[in-house]
Amino acid sequence: MPTARTGTVAFAYRARVYVIAGQRDATFLGSSEAFDTSSAKWSTLPPAPLGRTFTSTNAAAVGPTLYLVGGNARGYCTDRVDAFDVTRSAWAVLPSAPVARCHAASVVADGRVYVLGGWNTSSTVHYTQVDVFDPGTVRWHAGDPLPEPRGAMAAGVIDGVIYLVGGWTPGTDASATVVAYDPHAHRWARRASMPTARSVAAAALVGRRLYVIGGITYHAGTATLLDTVESYDPATDSWRTEPALPVPIAYASAAVIGRTIYVLGGQLRSDGLGATSSVFALTVPP
């Protein structure tokens with residue numbers, strides 16, 4: 001990438017991968033860039049109105065519009081919501097989220113943006129709160145709360161069901177638990193745990209499999225960056241090991257075009273420094 005960054009947001013639309021916001025050392029970034037996979041070239045986009053960083057899945061896109069909700073803005077959690085329309089290459093400010101939070105996951109199910117869990121600025125409040133934004137009415141409403149507080153988790157939506165994987169739960173630095181939420185049944189359920197406990201991992205969907213990539217795990221209080229990649233199949237409620245990353249990376253983001261996963265940025269050190277501009281790609285066979 002032209003800019004080294006960690007805690008960024010990445011999403012794909014048609015043949016382009018978009019990378020937005022994040023952090024480089026002590027600098028919070030609003031800068032945005034796009035990678036054209038057909039020409040293998042990067043271009044610069046209009047910057048996000050507020051520079052901020054994220055620690056979980058936040059690529060909540062409905063068609064060509066990305067919704068950027070909350071995040072860490074220069075050391076504080078924000079309730080700000082911005083939308084980026086890639087067809088017009090333009091930003092818009094939307095109604096604020098009901099609560100300011102960092103480390104929340106944002107995904108799209110049934111055309112609505114779900115914002116799940118996370119912490120407040122001082123980490124004194126760990127949320128089970130779920131807020132739902134309807135782009136059609138431009139309104140927020142309350143969703144069914146999480147079974148337990150959770151932040152910095154990987155997330156994905158398969159057949160309309162939201163899966164939350166790993167992350168931080170109270171009393172743990174890195175979790176292996178998996179929960180699934182069916183918005184139509186308004187029901188949470190526990191699923192098979194991930195083989196490797198981790199937080200701040202990237203997530204990607206290829207077909208009906210959820211890939212969890214990199215992140216941080218802990219042993220005796222010591223943080224270890226991971227190159228481990230594992231994927232989940234909801235049809236069999238089972239996990240399998242995938243080809244590892246070339247290097248251990250945490251706080252990266254991922255986007256998918258076709259059957260190719262692009263892993264973008266992240267950090268190469270456990271102390272929050274060492275933002276990278278690396279891009280890795282894994283093409284998954286049918």
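We number each residue from 1, following the sequence as shown. The model shown is predicted, which means the values in this text are computed figures rather than measured ones.
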Minimum heavy-atom separation for P135 to G111, with atom names? CD-O, 3.3 Å

Atom CD1 of I162 and atom OH of Y114: how far apart are they, to the nearest 0.5 Å? 5.5 Å

Heavy atoms of V157 and A109 approach each other most closely as CG1-CB, 4.2 Å

So CG of D233 and CD1 of I158: to nearest 0.5 Å the spacing works out to 7.5 Å

Out of curiosity, I249 CD1 to S278 OG, how far, rounded to the nearest 0.5 Å? 6.0 Å

When you check the side-chain N and O atoms of T283 and T260, is any donor under 3.5 Å from an acceptor? yes

Taking atom types as modelled, is there a side-chain donor on T172 or S175 under 3.5 Å from an acceptor on the other? no

Between T124 and N120, is there a side-chain donor-acceptor contact under 3.5 Å, judged purely by atom types and distance? yes

So among R190, R150, R191, which one has a side-chain hydrogen bond (donor to acceptor under 3.5 Å, both in side chains) with T177? R150

If two hydrophobic side chains count as joined below 4.5 Å and joins carry through other members, does V206 share a cluster with F280? yes

Are the side chain of S231 and the backbone N or O of L210 linked by a donor-acceptor pair below 3.5 Å? no

Do you reckon Y251 sits in the same ILVMFWY cluster as L245, going by side-chain contacts under 4.5 Å, direct or chained? no

Measuring only between side-chain heavy atoms, which start at C-beta, is I261 closer than 4.5 Å to I213? yes

T8 side-chain N/O to I20 backbone N/O, donor-acceptor pair under 3.5 Å: yes

Ignoring hydrogens and geometry beyond distance, is a side-chain donor-acceptor pair present between T276 and R5 at under 3.5 Å? no

Quick check against the 3.5 Å criterion: does W140 have a side-chain atom that pairs as donor or acceptor with the backbone of S96? yes

Q267 and L225 have their tightest heavy-atom pair at O-CD2, 3.3 Å

G7 backbone acceptor or donor facing T53 side chain under 3.5 Å: yes

Is it true that R112 and D131 make a salt bridge, defined as a side-chain N closer than 4.0 Å to a carboxylate O? no

Any chance you could lay out the ring-ring contact (aromatic ring centres under 6.0 Å, His included) test for Y163 and Y232, step after step, and finish with the verdict? CA-CA 10 Å; Y163 294 87; Y232 175 73; 5.7 Å; yes

Donor-acceptor pair, distance only, cut-off 3.5 Å: does the side chain of W91 make one with the backbone of P46? yes

Decide, yes or no, whether a salt bridge links E230 with R209 under the criterion of side-chain N to carboxylate O below 4.0 Å. no

Just by modelled atom types, is the G117 backbone N or O under 3.5 Å from a matching donor or acceptor in the R101 side chain? yes

I'd like to know whether CZ of R187 has more than 12 heavy-atom contacts from other residues, nucleotides or ligands below 6.0 angstrom. no

Look at R52 together with D82 and state whether they make a salt bridge at an N to O cut-off of under 4.0 Å. yes

Under a 3.5 Å threshold, yes or no: a donor from one side chain and an acceptor from the other, between D36 and S38? yes

When you check the side-chain N and O atoms of T128 and E148, is any donor under 3.5 Å from an acceptor? no

So, taking the atom named CG in L45 and the one named CZ in F84, what distance separates them when rounded to the nearest 0.5 Å? 5.0 Å

Treating Ile, Leu, Val, Met, Phe, Trp and Tyr as nodes and any side-chain heavy-atom pair under 4.5 angstrom as an edge, say whether W239 and L205 lie in one connected cluster. yes

Whether the side chain of D25 engages the backbone of T27 through a donor-acceptor N/O pair (distance < 3.5 Å, no angle test) should be reported. no

Can you tell me if T65 uses its side chain to pair, donor with acceptor, with the backbone of D85 under 3.5 Å? no

Main-chain N/O of L226 paired with R198 side-chain donor or acceptor, under 3.5 Å: no

What verdict does the side chain to side chain contact (heavy atoms under 4.5 Å, CB included) test give for V86 and F11, after you've listed the backbone C-alpha separation in whole Å, the side-chain angles of each residue and the deciding distance to 0.1 Å? CA-CA 11 Å; V86 303; F11 77 109; 3.4 Å; yes

Quick one: does T121's side chain have a donor or acceptor within less than 3.5 Å of a partner on C77's backbone? yes

Exercise: do E33 and S43 side chains pair donor with acceptor under 3.5 Å: no

Looking only at heavy atoms, what is the nearest atom pair of L264 and A255, with distance? CD1-N, 4.3 Å

Could you tell me if N58 and S106 have a donor-acceptor pair between their side chains, going purely by distance under 3.5 Å? yes

Let me confirm one number: the CG-CG distance from D144 to L116, rounded to the nearest 0.5 Å. 10.5 Å

After noting the C-alpha distance and the side-chain angles of R80 and L68, does the key distance pass the side chain to side chain contact (heavy atoms under 4.5 Å, CB included) rule? CA-CA 8 Å; R80 182 170 178 130; L68 207 61; over 6 Å; no

Heavy-atom closest pair, residues C102 and G71: SG-O, 3.7 Å

How many angstroms lie between atom CZ of R16 and atom OH of Y18, to the nearest 0.5 angstrom? 4.0 Å

Partner of H103 under side-chain contact (heavy atoms from CB on, under 4.5 Å), chosen from Y127, F54, W168: W168

With side chains defined as the heavy atoms from C-beta onward, is the minimum distance between T57 and M153 less than 4.5 Å? no

Are V161 and V113 grouped together when hydrophobic residues (ILVMFWY) are joined by side-chain heavy atoms under 4.5 angstrom apart? no

Begin with the C-alpha distance, continue with both residues' side-chain angles, and end with the deciding distance and a verdict on side chain to side chain contact (heavy atoms under 4.5 Å, CB included) for V115 and F133. CA-CA 8 Å; V115 184; F133 179 74; over 6 Å; no

Does L66 share a hydrophobic cluster with Y13, counting links as ILVMFWY side-chain heavy atoms below 4.5 Å and allowing steps through other members? yes

Check step by step if side chain to side chain contact (heavy atoms under 4.5 Å, CB included) holds for V130 and L146. CA-CA 7 Å; V130 175; L146 299 172; 4.2 Å; yes

On a heavy-atom basis, the closest approach of R208 and P234 is O-CD, 3.2 Å

Considering only heavy atoms from C-beta outward, does the side chain of I257 approach that of Y262 to under 4.5 Å? yes

